[in-house]
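Start at 1 and go down the list; that is how both ligands and their atoms are numbered. Numbers here simply count residues along the sequence, with the first being 1.
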Amino acid sequence: MASHTKRKTKYIFVVGGVLSSVGKGIACASLGLLLKSRGYRVTILKFDPYINVDPGTMNPLQHGEVYVTDDGAETDLDLGHYERFLDVSMTRFNNATTGQIYYEVIQRERRGYYLGKTVQVIPHITDEIKRRMTYFDGEYDIVIIEIGGTVGDIESQPYLEAARQLTLERGRSACITILLAYVPFIRSAGELKTKPTQHAAKELMEFGIIPEIILCRTEHRIPKEVRTKIALFCNVAEDAVIELPDVETIYEVPIIMARRNLDTIVLRKLRLKAGELELDTWSRFVARIKNPRTTVEIALVGKYVSYHDSYKSIIEAFVHAGAINNCKVELRWINSEDVTSENVEELLGGIRGVLVAPGFGARGIEGKIAAIEYVRTRNIPFFGICLGMQCAVIEFARNVCGIADANSAEFKRTRHPVIHLMPDQERVEHKGGTMRLGAYPCALLAGTKAHRAYNQELIFERHRHRYELNNAYRSLLEEHGMVMSGVSPDNRLVEIIELKSHPWFVGVQFHPELKSRAVSGHPLFVHFVRAALRLKLNDEGTDDVQNPIE
Ligand code: GLN
């Protein structure tokens, strides 16, 4: 174990070169895991160079999923990777955007804080960036700072400048920069090209930042002579040019990094001792992902299926739950706008479980409802998340309770809004950051499926919604067999619904996927996958249901 008596926080800046989408978030999360596994206290910050205050108002097709923290911030989906890998909860201070930084500085200016000075990018914006970068000073041994975008973007320049200043102030044994570059393979030449990496390193140096480690993302193995060339041209030590090839699962990245000594090189540069690396649990988890005993097919019904990043945490939660059940969950992606009661059999035939996804707005709702009717009446395991739960309530009200025009007030004016606006949402005027956000308690009813999964009386789950189950319909729904298995402790809000007469039909108003961690999984996902597996084994006539699970 490293000593925690002297807590001088060290900083690692991670910047991207060449192009985006090569996995900077995963690289930060993986390095974070390794440093944590060596006994250090680690957290990760993400700086996003866009002007939106947060991603909460952005379309998922643009930005991917909005990741909500316990303290109710709507943040970048990379924070999900940080939590899943590090097994540490993020906060609103782990993600900053250019919008937030300017907002803060402008508000200060209006209050007269700058005493008549001209307010400028340097030093006022960069000072605010540094304030955010050092927010956890003293609290952690190591803070990894992911700078969004790619070196050379106009938008990320103030962040690089702040990183340069901080490195100068703290010294190079307290701050290092890692460049994550992409090394393309040009097929016609049969060659790996280092030039884009050289340019990225050079551009960083123009900002006064010397990258000390270069991570080379690649689809092909990078031979030693190519690494030597990168080291020479980019002015870094040869052992600090590290190849990161494509891997079968993102969870393997920490193992690949450790094999190439990234963690010990980082610790050496930061003048920190390298404690023992403990990756056994993680390696076992990766081995289970790579060698599943069986597979099970589950449909994900949603409106944003054309862009899988919109459902990032759900996808990962299935990986975790699959690993725990020793199986691989294969997702069948279904666009809810395509589903009708005529084609539902064709689209969902043979499926062992259906997850109806979160979402906003009326598009695709009737498709979700048709899919829910299909699984409810055929005893196929169902998991509804947020909007998915709300659709399950509408479907049940219509088809079981006989209220033909039951609907959500979000979609249609109706005499029977079984889902309606929460009272404190009625006065909301601004769209940004005003939903019911973050962790809230939920009391579980003993003997229910939810209670069995969690094995706890009181749970805390994260929310992001404006609408809720209308209490005026609660007893009618209950009379027909719906169970309110989770409610807010004051019993005002229904948080979980399930059906008595169904093998596994559970809807939740919150987002369990946001709390699924790599090695532990989320209890509801674990139990949902188990129910799907059980159906598969039943269908195949195997009665030994425990076999692939334990
Ligand atoms: N649109 C619904 C609401 O605001 C559901 C939101 C969600 O699925 N996250 O309540």
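- At the shortest separation from atom 9 (N) of ligand 1 among protein heavy atoms lies Arg464 O, 2.9 Å.
- Counting protein heavy atoms only, atom 5 (C) of ligand 1 is closest to Gly359 O, 3.4 Å.
- Looking only at heavy atoms of the protein, atom 10 (O) of ligand 1 is closest to Tyr467 N, 2.9 Å.
- Between Tyr473 and His416, the ring-plane angle classifies as perpendicular under the 30° and 60° cut-offs.
- For Glu468, the closest heavy-atom approach to ligand 1 does not fall below 4.0 Å.
- Aromatic rings of His63 and Tyr50 (six-membered ring for Trp) have centroids within the 6.0 Å cut-off, being under it.
- With salt bridges taken as basic N to acidic carboxylate O contacts below 4.0 Å, none links Glu373 and Arg398.
- Residue Met435 has no nitrogen or oxygen atom sitting less than 3.5 Å from a nitrogen or oxygen atom of ligand 1, judged on distance alone.
- With ring centers used as reference points, Phe528 lies under 6.0 Å from Trp504.
- Among the atoms of Gln509, none of the N or O lies under 3.5 angstrom from an N or O of ligand 1.
- Residues Phe510 and Arg462 are not in side-chain contact: their nearest non-hydrogen atoms beyond the backbone lie 4.5 Å or more apart.
- In summary, the atoms of ligand 1 found under 4.0 Å from a heavy atom of His511, numbered by their order in the structure, are 9 (N).
- The shortest N or O to N or O distance between Cys386 and ligand 1 is not under 3.5 Å.
- Nearest to atom 4 (O) of ligand 1 among the protein's heavy atoms is Arg466 N, 3.0 Å.
- In terms of protein heavy atoms, atom 2 (C) of ligand 1 is closest to Glu410 OE1, 3.3 Å.
- In this structure, Glu146 and Phe13 have side chains that are not in contact, with every pair of non-hydrogen atoms separated by 4.5 Å or more.
- Here the side chains of Leu469 and Met389 are in contact, with some heavy-atom distance below 4.5 Å.
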